[in-house]
Every structure is written in C-alpha cells, then in structure tokens.
There are 2 protein chains.
Amino acid sequence: MFAVFEQYLQRKEFFTPAEIEHIRAASTVRTLRKRQYLLQAGDGWQSNAFVASGCLRTYSVDAKGLEHIIGFAVENWWATDQESLLSHQPSRYNIEAMEDSTVIVLHNDDFERLRREIPAFDKVVKALVLRSFMAAQDRVHSAISYSAEQKYREFLQKYPGLVQRIPQHMVASYLGVTAETLSRIRRQW
Amino acid sequence: MFAVFEQYLQRKEFFTPAEIEHIRAASTVRTLRKRQYLLQAGDGWQSNAFVASGCLRTYSVDAKGLEHIIGFAVENWWATDQESLLSHQPSRYNIEAMEDSTVIVLHNDDFERLRREIPAFDKVVKALVLRSFMAAQDRVHSAISYSAEQKYREFLQKYPGLVQRIPQHMVASYLGVTAETLSRIRRQW
DNA sequence: CGTCTGCCTTGACTTTTGTCAAGACTATTG
DNA sequence: CAATAGTCTTGACAAAAGTCAAGGCAGACG
C-alpha cells in the first residue's frame, strides 16, 4: 500500500529512490476496518495520515450530540487535525473510516524532518497546504453565500463520484443541513 | 510604513539587515483611501498585500447583487486572493479599504524568490499559510455547526475589538446572515 | 433465514432566518 | 449648515430549514 503513496509523490515531484526509502522508513501503514477510529475526540494527535485506500471522515460532536463533518478523505487525500497537532491540545474531532481503509501515517516529527531533508517533499507539502487553504476558503464562501440546494449542487459538481460512496445523511452533515432537508431537495428534482 | 512590516517579520523570525533590505527592495508601499479598491473582481491578481495600517475587506458579489465578505484584514494581517494568483484567472473577489489604509505589496514573483533566498521568510510564510488554513477550517466548522447567534458570539470572542471598527452589516455579511437578523440577535441581549 | 441496524423518505408542525418597507440617527461633505 | 449617504432598527410577512415521529427498504450479520 506504500506504493500508492509513492505514486502520489512521484506524480507531484521527482524523488530519488533513496529519498523514497527515507520516506518509507518513517511511514507506518495502518489498516482500518469500517467504523474504526483513526482519532477520537479528546485524544492527542501528532501525525498526518495519507489515505492509500478507502474513505474517512473527520467530524465533531456538538453539545446536542449532533455530528458535524468538516471533511472527507478518499484515496490520495490526507486526513489530519492540524489544530491538535500545532496546539498540542486534545482533539475536538473524530476521524473514522467509512469503509475498510489503508492509511500511511507519518508522525509529525518525522514529517517535519522529511520536509527539511527532502526539498521535493517540502514542495509537495507546501502545495498541499496552500490548496487545502484555498479549498477551505472556498467552502467558507459557499457556506455564507449559498442556500442548501446551491451548496448541494456545488458539492455534486465539485466531487462527482463521492456522492456514490458516502451516505446521504453524511453529505447533509458536511453541507451543514439536516438529512431531511437534503432528502427534500432531491425529491424536487 | 515599511517599519510595521519589518517589526512583524522580526517578531516571527530573525532577519539580518541585509535580508530586510532585500525584502524592502521588492516591496511597494501603497496607500488607500477609504472605499478605494486594492483589487476589483474581474481583474487579475499577482501579489500579496501586508496591511501596515487600516482595515480591508475581501468580498464577492452574487447574482442578486448581494455582497459576501470572506475576510477582513487589519494591521499585521495579509490580504490576498490565492485563487486568482495560482490559477492566473481573473478574480471573483473585491478587496476594498474600509478605512484609510497602508499596505505593503509584494508581487508574487518576488514573494516566491524571497522565500527561496531567505529561509526565515519562508518560515514565516509557511506558518502563515498553515494558520490561514486552520482559521478557514475552523470557520467552516462554525458555519456548518452553529446558529446565527452562536456564530456572532464566537466572532466577538475571537476578534474582540474588530466589532468596534467594522459596520455591523458587514459583520453580518461575514457571518452569512442578513443585517436584520444580526440586529435582532443583539436586541435580545 | 430471519432479525436488526442503518439509511432514506415523508408528513405535520415549529423555529429560524430572510424579505421588504419604513423610519431614525449619525457622520460626512459640498 | 443643509443635503446626503451610510448605518441601524423595527414591524409585518414569507420562505427556508429544523424537529419530531413514523414507516419502509436493503444490507449486514449472528
């Protein structure tokens, strides 16, 4: 499964075999069964996880027990909680496998070391962080500008295929609407 | 006004006088009158702007003519449109001065060159991008999880002082609610 | 194979938020 | 200083979304 990660990296930048070996040495491959947690709220988190296969979700649980999904991560995406990582505080989020999944876990110390030692790796991460920021900002824009229906349309268009893999009520949670509302939007079509 | 930028940088990392001079050489100081635009939707954007004084807002205008503020930037913050910058497409956003302001503008070519030439500068930018991502993600979390009132409370607590400087209807736009709704929330207190 | 759980839908009703229109107050500016 | 533009508030009403409760269906699993 590390091969998926290697291909991801090579697609973005050129890595020598030695560099790949360094990265492999720092990596831990973890398999998760459906519904298994990679991170549970309240625990600390000091890693970054690359999804080699499967699908995860990151979500919080509010005072009323409602779940709010802040992100999905399928193959070739990353799942992480930078907030806990940077603050060294327990996480507010849960990261849970929605399908049987395989992830490549890199402890943040190793991750930062690899950024220093391998310029290509640093480049990949720089681009990743910047793109993540832009994606988050764009989602803020949708959240404050669009109706539930518009947000759903945008989701379909932006992530075609995802809707096939993810239960509808979780898409609703991701969009910030209730499962009933999303069901009613779809009924009208 | 460049001094504000220098202090900002020195507070984050150590810069030699020569490094500061390199940065100064690439910088353009621009003063903006209240209501003046730094960027208008439809134009291209190839820079990053550091706010030395004053206050700016970044917003889009939707099909109905309604404004949606995706961000404010006061002293020691940055104002930019990474989307236009990275895609080389015309911007969807306007950046407008809400007060008489002074900004330090760095063309992206110079910005990237400085990152390569000055490690401390690269460090500052890395941290900035990561923090921006986390802030955006946190805002997504609020947007999908909270009611209008809860979002307003969080805003007050997160950016005390900002509410003194920014017209209320713009705070409403930032939160994704109408000016009337925000006014009614405040009435209840 | 039958039970159970998760998922989706639907209806009836409530709450929240938006829309439109009007008015008051304030600061700016010619 | 008078006109004006910007800001905030309020009321009446409309629309959007949430809540609660029920039922059906399909897949998972003992």
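Letters go in sequence order (proteins before strands), and every chain restarts at 1.
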**Student:** Table please: side-chain donor-acceptor pairs of residues 174-182 of chain B below 3.5 Å, with sequence neighbours left out.
**Tutor:**
from     : atom 1 : to       : atom 2 : distance (Å)
B:Thr178 : OG1    : B:Thr181 : N      : 3.3
B:Thr178 : OG1    : B:Thr181 : OG1    : 3.0

**Student:** If you look only at pairs with a residue in residues 26-43 of chain B, which of them pass as a side-chain hydrogen bond (donor to acceptor under 3.5 Å, both in side chains), with sequence neighbours excluded?
**Tutor:**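 Sorted pair list: B:Tyr37-B:Tyr59.
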
**Student:** How sharply is the helix from C:dC1-D:dG30 to C:dG30-D:dC1 bent, taking the axes over five pairs at either end and rounding to 10 degrees?
**Tutor:**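 So the angle between the two local helix axes works out to 40°.
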
**Student:** Are the side chain of A:Gln10 and the backbone of A:Phe15 linked by a donor-acceptor contact shorter than 3.5 Å?
**Tutor:**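 Between the backbone of A:Phe15 and the side chain of A:Gln10 there is a qualifying donor-acceptor contact (under 3.5 Å).
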
**Student:** Quick one: what's the B/S/- string for nucleotides 4-21 of chain C, heavy-atom cutoff under 4.0 Å, read 5' to 3'?
**Tutor:** --SSSSBBB----SSBB-

**Student:** For A:Gln137, check side-chain hydrogen bond (donor to acceptor under 3.5 Å, both in side chains) against everything at least two apart and list the hits.
**Tutor:**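 Counting only residues at least two positions away or on another chain, A:Gln137 forms no side-chain hydrogen bond (donor to acceptor under 3.5 Å, both in side chains).
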
**Student:** Before we go on, tell me: are the rings of A:His141 and B:Tyr93 under 6.0 Å apart, centre to centre?
**Tutor:**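 A:His141 vs B:Tyr93: aromatic centres under 6.0 Å.
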
**Student:** Between A:Arg186 and A:Tyr152, is there a side-chain donor-acceptor contact under 3.5 Å, judged purely by atom types and distance?
**Tutor:**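 On atom types as modelled, these side chains qualify, holding a pair under 3.5 Å.
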
**Student:** Whole angstroms only, please: what is the CD1-P distance between B:Ile144 and D:dA17?
**Tutor:**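 In whole Å, D:dA17 P lies 16 Å from B:Ile144 CD1.
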
**Student:** Quick check: are there more than 12 heavy atoms from other residues, nucleotides or ligands sitting under 6.0 Å from CZ of A:Arg165?
**Tutor:**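 Buried by this count: over 12 neighbours within 6.0 Å.
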
**Student:** Could you tell me which residues satisfy ring-ring contact (aromatic ring centres under 6.0 Å, His included) with B:Phe50, sequence neighbours excluded, listed by chain and number?
**Tutor:**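 B:Phe5, B:Tyr8, B:Trp78.
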
**Student:** Between atom CZ in B:Arg57 and atom C1' in D:dT7, what is the gap in whole Å?
**Tutor:**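 In whole Å, D:dT7 C1' lies 13 Å from B:Arg57 CZ.
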
